[in-house]
Amino acid sequence: MSDFSALNRAHIIQKAKEEHFDLIVIGGGITGAGIALDATIRGIKTLLIEMQDFAAGTSSRSTKLVHGGLRYLKQFEFGLVAEVGKERVIVFENGPHVTRAEHMLLPLVKGGSIGSIGAYVGLYVYDLLAGVKKHEHRKILNREETLAKEPLLKKDIINGGAFYYEYRTDDARLTLEVLKEAVSRDAIALNYIKASSFIYDEKKMIKGVKAQDLITGTHYDFLSAQTVNATGPWVDELDVLDKSGQGDKLHLTKGVHIVVDHKKLPIRQSIYFDTDDRRMIFAIPREGKTYIGTTDTTYEGNIENPTLNVNDKIYLVKAINKIFPGVNLDVTDIESGWAGLRPLIKQRGKSSPSAISRKDEIFRYPSGLLTIAGGKLTGYRKMAERITNLVSKRLKTPKRIFPACTTDKIKISGGKVGGGEKFPQFVKDNISMGIDIGLSEEAARGILEKYGSNAEKLFAIIKNKSEEAKKFKLPLTLHAQIVYAIEHEMCLTPSDFFIRRTSDLYFNIDWVRNWKNEVIIFMSAYLGWTETIKNSYKEDLEKRIAEVSVAG
Ligand code: FAD
């Protein structure tokens, strides 16, 4: 059984209790996952604990772009743009099945915040700083070319446009694939385990973490030489648990996205446009839908599950109708959506959310605790490198010397497809594997594009367990996805499955409504739930569906 199988969870916890780790990482978002992978590759024995599901924090609630952040040039954040800009290609090459190149059109609007000279200079600097490949260099378009690319744009306000490349990802699956790779290399990663306090030695140095299993209620002590707080929006909460730590570092801002049917907003490529209040908004086509975001407002509510409110929805719908006047989008067209919190580091004199830097920062406390805060999904690998360098230095002895970071060359789980350029060929070459077991070409392609080099495991499930799928009245591919998620991705609840393993709650909510009962019945039987547990997971999923789908 795999070390990332939900069926094996008790055994994995037992193993973690008996181990003395070099490093405990608290937080299973992209930052923690990146650290776990880098550290494990360098030979640092690592445990990662996450109090919710992996990526249930900000790392499943972003705009899902692997991008250099063109708009940060306006704030003169050249270092940030250069670093994350260069990272785009690495993130793509490490896992082309979770990251795709994405054409982006930036319409230049009369009276807008960016003029054509500004766009030209900005994108020129962007190409330069981000080391953009020549064939992906920006193109500046005139008015006719811009309208030809996107006829839905409001014609009388368009001066021209800029056309450039970014990358789109599935943030939660990226986090999972990074973690799966770390686990396949001997890290231990556990979800639903909450760090509740630190354990100290006689010199007041942290020597471990007290944690609670939120599934069973059991408390554990995990021991380690080093501890990293990578809890995103929660870093202040964790830091004040440490006697030497300090809170009040973060300024949380909320960003929301809405999802509509692509037919309601049938844009031909991603668009990045100006709003009346000089913010920038993305509209991105994906899997038959278009998603739109994001807002950026100071947030002081419940961190665990921020939700969209009616004002957020109206703001985004209005912004769309302004630039695409013919589409007449209405709040009732919204099918789904999500809200996330940016864990920004407070800056003196800056209170406007959009003005605060997206840079990351490391805080070191006398107890040995290392805290990493801020940053972007795109820059996760470099953030992990910086923390792991520090951890390696601390762990170094004459007998233990740790190598430098190599994650720029490591393929994440599912990413062993021969490189980004060869991914389409990889899919083509392997489609017959799916067709041979009775799948349609489209279904086989879907599995290959989502799971990359792990697709063969799903094909094997389809081949060997079709009777089980029939018994539980599940389509073959859906059944294979659940079995794979349980056995290889530590999926414990129906919400884990429909939100972080498949994103169906966001991009295919009718599918969730159609299949939720069968999925719950199957998961209950497979994972041996009591009726009470089954009902509580069912309730949780219903609550999530209601949260994203109620227009109000
Ligand atoms: P999280 O993903 O929040 O992970 C922290 C984890 O710690 C959580 O899962 C939490 O449950 C866990 N935790 C907390 N306390 C404990 C505890 N006591 N014990 C155990 N676990 C605990 N970046 C980009 O590069 N591209 C984008 O397009 C982009 N768009 C964005 C749009 C929005 C609206 C937002 C909000 C952010 C966006 N970002 C984007 C930024 C990016 O999403 C974040 O920088 C990144 O996801 C943060 O990851 P993290 O791992 O630090 O935090």
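Throughout, numbering of the chain's residues begins at 1 and tracks the sequence. In listed order, ligands and their atoms are each counted from 1.
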Taking the six-membered ring of F507 as reference, does the NZ or CZ atom of R286 fall below 6.0 Å from its centre and within a 45° cone about the axis? yes
Side chains of R9 and I193 in contact at under 4.5 Å (non-hydrogen atoms): yes
Kindly indicate whether a cation-pi arrangement holds for K194 with W234, taking the cut-offs as under 6.0 Å to the six-membered ring centre and within 45° of the axis. no
Starting from the N and O atoms of ligand 1, collect every protein N/O partner closer than 3.5 Å and put each pair on its own line with the distance to 0.1 Å.
unit_1: ligand 1; atom_1: 2 (O); unit_2: T58; atom_2: N; d: 3.3
unit_1: ligand 1; atom_1: 2 (O); unit_2: S59; atom_2: N; d: 2.9
unit_1: ligand 1; atom_1: 2 (O); unit_2: S59; atom_2: OG; d: 2.5
unit_1: ligand 1; atom_1: 3 (O); unit_2: T58; atom_2: N; d: 2.9
unit_1: ligand 1; atom_1: 3 (O); unit_2: T58; atom_2: OG1; d: 3.4
unit_1: ligand 1; atom_1: 9 (O); unit_2: E50; atom_2: OE1; d: 2.7
unit_1: ligand 1; atom_1: 9 (O); unit_2: E50; atom_2: OE2; d: 3.1
unit_1: ligand 1; atom_1: 9 (O); unit_2: G57; atom_2: N; d: 3.4
unit_1: ligand 1; atom_1: 11 (O); unit_2: E50; atom_2: OE2; d: 2.6
unit_1: ligand 1; atom_1: 11 (O); unit_2: Q52; atom_2: NE2; d: 2.8
unit_1: ligand 1; atom_1: 18 (N); unit_2: A195; atom_2: O; d: 3.1
unit_1: ligand 1; atom_1: 19 (N); unit_2: A195; atom_2: N; d: 3.0
unit_1: ligand 1; atom_1: 21 (N); unit_2: M51; atom_2: N; d: 3.0
unit_1: ligand 1; atom_1: 23 (N); unit_2: L377; atom_2: N; d: 3.2
unit_1: ligand 1; atom_1: 25 (O); unit_2: L377; atom_2: N; d: 3.1
unit_1: ligand 1; atom_1: 25 (O); unit_2: T378; atom_2: N; d: 2.8
unit_1: ligand 1; atom_1: 25 (O); unit_2: T378; atom_2: OG1; d: 2.6
unit_1: ligand 1; atom_1: 26 (N); unit_2: L65; atom_2: O; d: 2.6
unit_1: ligand 1; atom_1: 28 (O); unit_2: L65; atom_2: N; d: 3.1
unit_1: ligand 1; atom_1: 28 (O); unit_2: L65; atom_2: O; d: 3.3
unit_1: ligand 1; atom_1: 30 (N); unit_2: T63; atom_2: N; d: 3.0
unit_1: ligand 1; atom_1: 30 (N); unit_2: T63; atom_2: OG1; d: 3.4
unit_1: ligand 1; atom_1: 45 (O); unit_2: G375; atom_2: O; d: 3.1
unit_1: ligand 1; atom_1: 47 (O); unit_2: S59; atom_2: OG; d: 3.0
unit_1: ligand 1; atom_1: 49 (O); unit_2: S59; atom_2: OG; d: 3.1
unit_1: ligand 1; atom_1: 51 (O); unit_2: I30; atom_2: N; d: 3.2
unit_1: ligand 1; atom_1: 51 (O); unit_2: T31; atom_2: N; d: 3.0
unit_1: ligand 1; atom_1: 51 (O); unit_2: T31; atom_2: OG1; d: 3.2
unit_1: ligand 1; atom_1: 52 (O); unit_2: T31; atom_2: OG1; d: 2.6

Show me the pairs that pass salt bridge (Lys or Arg N to Asp or Glu O under 4.0 Å) and involve residues 215-234, at least two apart or across chains. K210-D221
F273 and F324 aromatic ring geometry - parallel, tilted or perpendicular at 30°/60° bounds: perpendicular
On the 0 to 90° scale, with breaks at 30° and 60°, tag the Y200-F198 ring pair as parallel, tilted or perpendicular. perpendicular
